[in-house]
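Below you'll find the structure, written out as structure tokens, and then a few comments.
This chain uses plain numbering: 1 for the first residue, then up along the sequence.
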Amino acid sequence: MKNRIKELRKERGITQDTLANAVGVTRQTIISLENGRYNASLQLAHNIAKHFALTIEEIFIFEED
């Protein structure tokens, strides 16, 4: 699953630390998400979407296998 977290974060001038604190995870989790090494839980995806005032589908790109 791909995502637009890094793109959205940079557009808004938000650091990884700031985003991590806002959604209740570590900076390392944000790094792993941005690099595609970790898939967010539904709760985390919801928190990230809420932080950016977007829908989950606008941030996370679900690809068919």
Side-chain angles (χ1 to χ4, degrees):
M1 174 173 41
K2 295 182 181 180
N3 66 68
R4 299 178 52 223
I5 296 170
K6 187 174 189 175
E7 169 192 342
L8 293 167
R9 186 177 57 73
K10 287 189 174 209
E11 282 176 3
R12 291 164 169 78
I14 298 170
T15 66
Q16 290 172 331
D17 272 328
T18 300
L19 179 58
N21 289 332
V23 299
V25 297
T26 65
R27 180 174 168 263
Q28 187 60 45
T29 299
I30 299 300
I31 292 168
S32 294
L33 283 166
E34 289 182 352
N35 291 327
R37 293 188 310 250
Y38 177 74
N39 287 330
S41 67
L42 183 56
Q43 183 65 55
L44 179 54
H46 172 75
N47 291 347
I48 291 169
K50 187 175 174 183
H51 181 77
F52 287 117
L54 297 170
T55 65
I56 291 173
E57 292 83 4
E58 289 174 305
I59 299 172
F60 295 89
I61 296 94
F62 297 93
E63 298 174 328
E64 298 284 328
D65 288 337

Q.
Who clusters with Leu19? Use side-chain heavy atoms, under 4.5 angstrom, across I, L, V, M, F, W and Y, and order the result by chain and number.
A.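 Met1, Ile5, Leu8, Ile14, Val23, Val25, Ile30, Leu33, Tyr38, Leu42, Leu44, Ile48, Phe52, Leu54, Ile56, Ile59, Phe60, Phe62, listed by chain and number.
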
**Q.** Smallest separation among heavy atoms of Ala45 and Ala40, with atom names
**A.**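 The answer is N-CB, 4.1 Å.
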
Q: Write down the atom of Arg37, the atom of Gln28, and the distance for their closest heavy-atom approach.
A: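 Heavy atoms of Arg37 and Gln28 come nearest at NH2-NE2, 3.9 Å.
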
Q) Between atom CD of Glu7 and atom CD of Glu34, what is the distance when rounded to the nearest 0.5 Å? A)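 Result: 11.0 Å between the selected atoms.
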
(Q) With side-chain hydrogen bond (donor to acceptor under 3.5 Å, both in side chains) as the rule and sequence neighbours excluded, what pairs involving residues 42-52 come up? (A)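 For residues 42-52, and leaving out neighbouring residues, the side-chain hydrogen bond (donor to acceptor under 3.5 Å, both in side chains) pairs sorted by first residue read Gln43-Asn47.
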
Q: Would you confirm whether Arg27, through its side chain, and Ala20, through its main-chain N or O, come within 3.5 Å as a donor-acceptor pair?
A: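 No; judged by distance alone, with no hydrogens or angles, the pair does not exist.
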
Q) Hey, are Thr29 and Ser32 close enough side-chain-wise for a donor-acceptor pair under 3.5 Å? A)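 No, Thr29 and Ser32 have no side-chain donor paired with an acceptor closer than 3.5 Å.
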
